Amino acid sequence: MAPPATIAATASEQQRRFGRRVVTFVSLGFLAVLVGAAASVLVVLRAQSHTDWVTHTYKVERSIISMSRAAGGMRADALTALYTHQPRAPSYYQFRQELRDGMDDVARLTADNPAQRARVPILRKGYGQIIAVLDAPVDGQLAQRLVAQEPMRLQVLATVSKMMADEQKLLDARTAAQEASARLFWTVLPFVGALLMVVAFSSVFAIRRFTGDLARSKDELAEMNEGLETAVQIRTRDLQRANEEIQRFAYIVSHDLRSPLVNVMGFTAELDTARKALEKMIDDAEEKAPEILTQEARIAAREDLPEAIGFIRSSTQRMDRLINAILRLSREGRRALAPDLLDTTAIVQNAIDSMRHRIDEAGADVRIEGQLPAINCDRVAFEQIMSNLVENAIKYAAPGRPGEVRIRGQAHLGRATFDVIDNGRGVSPHDHERIFDLFRRSGVQDQPGEGIGLAHVRALAHRLGGTVDVESELDKGATFKVILPVVFAGDKDRAA
Amino acid sequence: MNAHQPVNIVMIEDDEGHARLIEKNIRRAGIHNDIRHFIDGTTALEYLFHAKDGPLHNGPALVLLDLNLPDMSGTDILTKIKADATLKRTPVVVLTTTDDKVEIQRCYDLGCNVYITKPVNYENFAEAIRQLGLFLSVIQVPDPSEA
């Protein structure tokens with residue numbers, strides 16, 4: 001049995017190692033996918049920030065343009081008012097507001113850029129002066145004041161141009177960066193996708209392989225199981241055939257042995273009749289002519305012959321009992337079994353109750369512990385097995401110890417086990433097999449019996465497709481273990 | 001006619017010892033009819049069916065039959081006797097060691113008149129034969145030749 005077990009162990013060890021490798025690879029794959037996903041997210045975030053910056057630059061440009069447009073508008077409205085001698089148009093005040101808002105916007109938007117920020121005060125100062133000049137009452141000096149202010153206005157315009165140029169440069173750089181990150185995104189994406197595919201395919205492959213292995217081992221297991229069942233069936237058939245042969249043999253032998261025994265008994269009786277005639281003659285001779293009698297003749301007729309006939313008789317009677325026992329066993333073996341669903345607890349309890357008188361006489365305590373499993377079996381055979389075992393347990397109690405007998409049962413994997421446990425004198429391990437042999441007994445021979453009971457129990461158990469064994473030590477009690485199929489498989493030797 | 005033709009006892013028994021014991025005990029019971037002994041089935045059938053002085057041609061008879069014969073089963077002889085139009089009235093006593101219920105039933109079904117199991121205990125055996133002897137002394141056996 002050792003080599004297949006080792007192979008199986010190695011195979012399962014290999015399988016475990018393969019399994020660990022697959023799990024490692026798949027884990028690594030998923031980790032890579034995770035990294036890829038993180039990288040994609042990073043790239044996307046970066047692209048987002050670049051886009052934000054580009055938008056920011058556009059906003060700055062728009063603010064600057066709107067600021068200088070508003071300044072131009074104010075100036076145009078003021079000049080129009082001067083030449084038409086009309087009050088300033090309402091748009092003048094709108095432009096002024098726009099200019100102020102524009103300056104605030106530019107100041108706010110360029111807060112992050114030191115170069116641009118430095119230009120903001122120049123703008124504020126220049127536009128402040130321009131606004132002050134334009135806001136003054138429209139009169140003859142306005143033209144001179146405007147002329148006087150021209151250098152300031154040009155300086156502001158130059159600053160605005162510089163700022164615009166800077167912003168344009170920034171825009172170019174940022175657009176380039178945005179394009180770069182978009183390119184990076186499109187480079188990372190297929191890579192991550194490919195990685196994902198690889199991991200997915202290897203996972204599917206691993207799972208398929210595992211499933212295949214699983215299905216294969218399941219098939220192998222089923223096949224082995226089937227083989228085992230066939231083997232068991234063949235064995236059972238062989239056993240049943242052998243059993244049947246033994247029974248036929250026992251039946252024929254016991255019958256044929258009976259015939260000569262009838263002669264031995266019959267002619268022994270005839271001998272005895274003849275002896276009685278002789279004895280009577282010797283009695284007569286002793287009375288009438290003692291001189292013709294020899295001592296030998298007297299002893300032969302009165303002692304030797306009766307003794308010899310007595311031995312012949314007792315031996316033949318014993319032989320007759322043994323032959324009858326074999327006959328009974330073989331007849332029991334030929335009885336057709338009638339399987340039925342049995343309430344084993346009730347049956348065993350019944351058997352115990354029918355032995356109540358003997359149990360009380362022996363002062364024993366016999367009890368069923370818990371429930372015994374229900375089985376499909378022949379009622380008579382099961383009853384005989386159990387009552388035989390319980391009877392033995394009571395019969396072979398240890399001297400000076402009140403008998404205690406417990407009956408337990410359980411069903412597991414289609415086999416039902418019934419234990420009859422006693423605290424009796426036990427059986428020496430040397431005799432564990434011997435006690436199941438016909439006419440064999442063990443231990444102190446102080447109980448009547450021919451050594452048939454356990455042989456009968458074993459024959460019945462085998463016929464029911466089960467076994468019976470004993471676990472015991474001398475003077476330590478005994479446990480008789482009956483194992484029967486939960487469902488009786490059928491009496492194939494009868495059907496054949 | 002019975003008064004003129006004594007009943008012949010035909011004993012078919014392969015065991016010489018059994019035959020001797022049966023005869024002794026029948027005699028002890030006071031039956032002195034003629035006993036013809038056969039140790040196998042073939043010669044017994046020959047006598048029953050064809051012999052000049054056999055029961056078929058010559059007066060009433062009673063058959064003592066053992067079932068375990070060397071050349072055939074006793075039940076075959078029983079079947080043949082009970083199948084014959086004339087011989088079927090001849091009483092057949094099966095006297096054998098077999099005490100199988102099925103076998104006993106089969107013998108009665110085949111028309112056996114009495115079935116006796118040879119007990120190993122000699123007192124019982126002798127008693128059974130004596131009882132049979134008493135039975136034989138009162139039994140009225142039909143004469144096949146008158147049929």
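No experiment lies behind these values; they were computed from the predicted model shown. Residue numbering restarts at 1 for every chain, and letters A, B, ... go by the order of the sequence lines.
- Using a 4.5 Å cut-off between non-hydrogen atoms, no part of residues 66-84 of chain B approaches chain A.
- Summarising the local packing, CZ of R440(A) is surrounded by 12 or fewer heavy atoms from other residues, nucleotides or ligands at distances under 6.0 Å.
- Within residues 33-44 of chain B, no residue approaches chain A closer than 4.5 Å by heavy atoms.
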Under 3.5 Å, which donor-acceptor pairs link side chains of residues 302-310 of chain A to any protein atom two or more places apart or in another chain?
residue, atom, partner, partner atom, Å
R302(A), NH1, E286(A), OE1, 3.4
R302(A), NH2, D283(A), OD1, 2.6
R302(A), NH2, E286(A), OE1, 2.8

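- By the neighbour-count criterion of 12 heavy atoms within 6.0 Å, atom CZ of R318(A) is sparsely surrounded, having that number or fewer from other residues, nucleotides or ligands.
- By the 6.0 Å contact criterion, CZ on R235(A) is open, its count of non-hydrogen atoms from other residues, nucleotides or ligands being 12 or less.
- Identified by a heavy-atom distance below 4.5 Å to chain A, the contributing residues of residues 10-21 of chain B are D15(B), G17(B), H18(B), R20(B), L21(B), in residue-number order.
- Here the CG atom belonging to N25(B) is positioned 6.5 Å from the CD atom belonging to E270(A), to the nearest 0.5 angstrom.
- Within a 6.0 Å sphere centred on NE2 of H50(B), heavy atoms belonging to other residues, nucleotides or ligands number more than 12.
- Within 6.0 Å of atom CZ in F249(A), 12 or fewer heavy atoms from other residues, nucleotides or ligands are found, so the atom counts as exposed in its surroundings.
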